[in-house]
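Structure, as structure tokens:
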Amino acid sequence: MRALERGEIPASDPGLREHLERCLGCRGCEPACPSGVGYGRGLEVAREILARDAGLPWRTRAVLQVFGRRFFWGPLFGAARLLRESRIARQLAGPGRLGRLMGMVAATGGQADGRAGGRSAPDSFAGSTIPTGTPEDRPAARLPASPPSVVLFRGCVMDVLFRHVHEATRRTLEANGYRVVEVEDQACCGAPHEHAGDRDAARHLARENLRRLLGSADYVVVNSAGCGAMLRDYGHLLGSDEGAGFSSRVRDVTELLAEAGPRTGAPLLLEVAYDAPCHLQHAQRVHAAPLAVLRSIPGLRLRLLPGFDRCCGGAGAYALLQPELSEQVLADKVATLREASPALDAVATGNPGCIMQIGAGLLAAGLKLPVLHPVELLDRSYAEAGLYR
């Protein structure tokens, strides 16, 4: 990367392109580096030079066109949602490129398309151990005198295929004392463009989101680790005080919930393995908050299996652009989940790409194991406790 920046290796060098395009960009090397090298920053610059001097491959350009305009991603992801809801995607899920793609679509269904086990909130847990009432008459822990406001970043994939996660996010935040603000017509966060080296397009999308979201609430809450990492980097991307001020207000949903308590819901007797998204643990340095949210659910047995902190191979658009390598990276994780004893009821992870990647891998392996966002499990606990009107 240094030689590329100095002009000692041309952007057209096939070996250079192979190494940089095949890198996951998970940034798992950063916390392991004793010298604290910011590999992610170097990779950004290197890919920007490659895109500028040698152009982007056609497949990458096509993917970025989709994410860059609501005109494209709205209908496309809407069609994918119809495939999911008709269960055609689940029927076609399996090995091979088409099977994996359909598996990724099927995996977006959350609890509605493969409920996490059937042992939650049994009759033996009824009575005084299950909280009753509404959020208004049983306040959450450490609530401030004036409820803080949060604006929900909707994104693109999340807004269409993971709307149920947005709804769970809103409900659980409100149950913990936050006032949730909705802002329509938001743009993609720009992460796919920045990761590919098209930083001009990423800056354009960042400015679009600033125009819509800046000043709308005390915090910007994100339930997608990849989007959160990107939004937290707007200050660096735009090089402006406005961008830096915006980034300072971005929080992952689990951070806000953990700060508020979170309050206790009904028991869920589930074996749940947590998988840490790379852009949450490495880019945002958020480690404890998702675990605190899951551990707050009575009865839920949280499992940290070997490799839970390693990349699943999704890496944004990597699964589409480097499918063979992506599957190789995923194979060990699927094997670990399959061999877990006692058997798992669900996998929890806070990034849509990870949900789709792991979910597709499990379906291809014949495992009917749902992959859920942590707030979906907390939301289910609250619903069974009667916390919602």
Side-chain angles (χ1 to χ4, degrees), residues 1 3-5 7 9-26 40 42-81 83 89 92 95-105 108 155-161 187-206 208 224 226-227 230 237 278-279 311-330 352-354 356-357 360:
M1 292 191 296
L4 172 66
E5 188 175 21
I9 298 179
S12 59
D13 185 277
L16 175 77
R17 292 194 69 96
E18 179 183 13
H19 284 296
L20 293 185
E21 289 175 0
R22 287 160 67 96
C23 174
L24 288 158
C26 68
L43 188 62
E44 290 171 11
V45 174
R47 286 181 170 171
E48 184 177 19
I49 295 172
L50 288 181
R52 182 193 66 206
D53 294 353
L56 293 170
W58 71 267
R59 282 196 299 178
T60 304
R61 292 198 306 272
V63 170
L64 298 186
Q65 282 293 321
V66 169
F67 283 102
R69 294 173 176 82
R70 179 180 289 271
F71 176 81
F72 292 125
W73 60 255
L76 181 63
F77 298 151
R81 186 174 61 194
L83 280 174
L92 296 177
R97 185 162 297 187
L98 176 62
R100 292 301 295 271
L101 182 61
M102 290 296 101
M104 294 176 77
V105 172
T108 65
C156 48
V157 174
M158 290 296 297
D159 195 35
V160 181
L161 290 172
C188 170
C189 67
H193 304 79
E194 195 239 14
H195 295 165
D198 189 358
R199 303 196 79 194
D200 287 341
R203 292 186 184 100
H204 170 74
L205 293 168
E208 287 290 308
S224 161
C227 296
M230 188 65 203
L237 177 68
C278 296
H279 280 87
C311 185
C312 66
Y318 190 89
L320 300 176
L321 302 174
Q322 301 283 346
E324 293 83 7
L325 275 177
S326 176
E327 290 184 26
Q328 290 177 34
V329 173
L330 178 62
C354 301
M356 296 168 75
Q357 171 79 348

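One is the number of the first residue; the rest follow in order along the sequence.
When side chains are defined from C-beta on, His204 counts as touching Glu208, because their heavy atoms get closer than 4.5 Å. For the pair Leu64/Arg69, no side-chain contact is recorded, criterion being any heavy-atom separation below 4.5 Å from C-beta on. Residues Arg52 and Ile49 meet the side-chain proximity criterion, which asks for heavy atoms closer than 4.5 Å.
Of all the heavy atoms in Arg47 and Leu20, the pair that sits closest is NH2-O, 2.7 Å. Heavy-atom minimum distance, Leu325 versus Arg22: CD1-CZ, 3.5 Å. When all heavy atoms of Ala11 and Leu16 are compared, the pair lying nearest together is CA-CD2, 4.4 Å. Ala206 approaches Leu237 most closely through the heavy-atom pair CB-CD2, 3.9 Å. Here the closest non-hydrogen pair linking Ala196 and Ala51 is O-CB, 4.2 Å. Counting all heavy atoms, side chain and backbone alike, Thr108 lies closest to Val105 at OG1-O, 2.7 Å.
Panel note: side chain Ser224, backbone Pro352; no donor-acceptor pair is recorded below 3.5 Å. The closest donor-acceptor contact from the side chain of Arg100 to the backbone of Pro95 lies at 3.5 Å or more, if one exists at all.
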- Report the C-alpha distance between Arg97 and Glu324 in whole Å, list the side-chain angles of each, state the deciding distance to 0.1 Å, and finish with yes or no for salt bridge (charged side-chain N to carboxylate O under 4.0 Å, His left out). CA-CA 9 Å; Arg97 185 162 297 187; Glu324 293 83 7; 3.1 Å; yes

- Message: Pair Cys189, Leu205 - check side chain to side chain contact (heavy atoms under 4.5 Å, CB included), show working.
- Response: CA-CA 6 Å; Cys189 67; Leu205 293 168; over 6 Å; no

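Partners of Arg17 according to the side-chain hydrogen bond (donor to acceptor under 3.5 Å, both in side chains) rule, which considers only residues two or more places apart in sequence or in another chain, are Glu21. Among residues two or more places apart in sequence or in another chain, the ring-ring contact (aromatic ring centres under 6.0 Å, His included) test is passed with His195 by His279.
Distance check: Gln357 CD to Leu330 CG gives 4.5 Å after rounding to the nearest 0.5 Å.
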